[in-house]
Amino acid sequence: MSETTAARPGRARRTDYRVFETLDTRWGDNDVYGHVNNVVCYALFDTAVNRLLIEAGVLDIFAGPVIGLVVETGCRFHASLAFPDRVTAGVRVARVGNSSVRYEIGLFREDEAEAAAEGLFVHVYVDRASRRPTPLPAPLRAVVEGWAG
């Protein structure tokens, strides 16, 4: 079977995710092909994860002693998004390590049940000053373990 005809995994559904963040597309997100450009999907992933962490009170992007650096990303596209779509990002945690977290994100157009795009982000948490990996602070660990699933 060739790569183009190989069976692809099924699309994720909203019920596969633990927490959600609603995001709006913007006029400038559309590319010349009339859909949200792939790099915008990565920005939506990053925005959803970090906003949820900030709202949970476990990430201070301006003064916190620990910050998350992205060390790995990936995305599988299933359907187009386009301005003026409202997008819901579903987030779940696939793995919690000593200093890292693997987040999996599904982007859902409007009220659709299946993801238009599915991505992953791996954050390694580091000391803000030294940029050296540091164990996850207990409050952050508790939040992300609650998102596991």
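Scope of the values below: all heavy atoms of this structure, side chains included, with no hydrogens, waters or symmetry mates. Residue numbers count from 1 along this sequence. Just so you know, these numbers come straight off a predicted model, no measurement behind them.
- R102 CZ to L120 CG: the interatomic distance, rounded to the nearest 0.5 Å, is 4.5 Å.
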Working for side chain to side chain contact (heavy atoms under 4.5 Å, CB included), residues V36 and S80: CA-CA 7 Å; V36 167; S80 293; over 6 Å; no
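- Under the 4.5 Å side-chain heavy-atom criterion for ILVMFWY residues, no single connected hydrophobic cluster contains both W147 and V122.
- The closest side-chain donor-acceptor pair between H78 and E114, if any, does not fall under 3.5 angstrom.
- A tilted orientation is assigned to the rings of Y42 and F121, their planes being inclined by 30° to 60°.
- At a threshold of 4.0 Å, the pair R92-E104 counts as salt-bridged, since one of the basic side-chain nitrogens sits closer than that to a carboxylate oxygen.
- Closest non-hydrogen pair, S100 versus L136, comes out as O-CD1, 4.2 Å.
- The two residues A82 and G34 have their closest heavy-atom pair at CB-O, 3.6 Å.
- Residue F77 holds its CZ atom at 9.0 Å from NE2 of H35, rounded to the nearest 0.5 Å.
- Note that the OG1 atom of T88 and the CZ atom of F108 stand 8.5 Å from one another [nearest 0.5 Å].
- Across D111, T25, D24, a single residue satisfies side-chain hydrogen bond (donor to acceptor under 3.5 Å, both in side chains) together with R86, and that is D24.
- Using a 4.0 Å cut-off between charged nitrogen and carboxylate oxygen, R132 and D127 do not count as a salt-bridge pair.
- I67 and Y103 sit in two unconnected hydrophobic clusters of ILVMFWY residues. Membership requires side-chain heavy atoms under 4.5 Å apart, directly or through other members.
- Judged as a side chain to side chain donor-acceptor pair (under 3.5 Å), and not counting sequence neighbours, the contacts of E145 are R141.
- Note: Y125 OH to L59 CG = 6.5 Å, rounded to the nearest 0.5 Å.
- Taking a cutoff of 4.0 Å between a charged side-chain nitrogen and a carboxylate oxygen, D29 and R26 qualify as a salt bridge.
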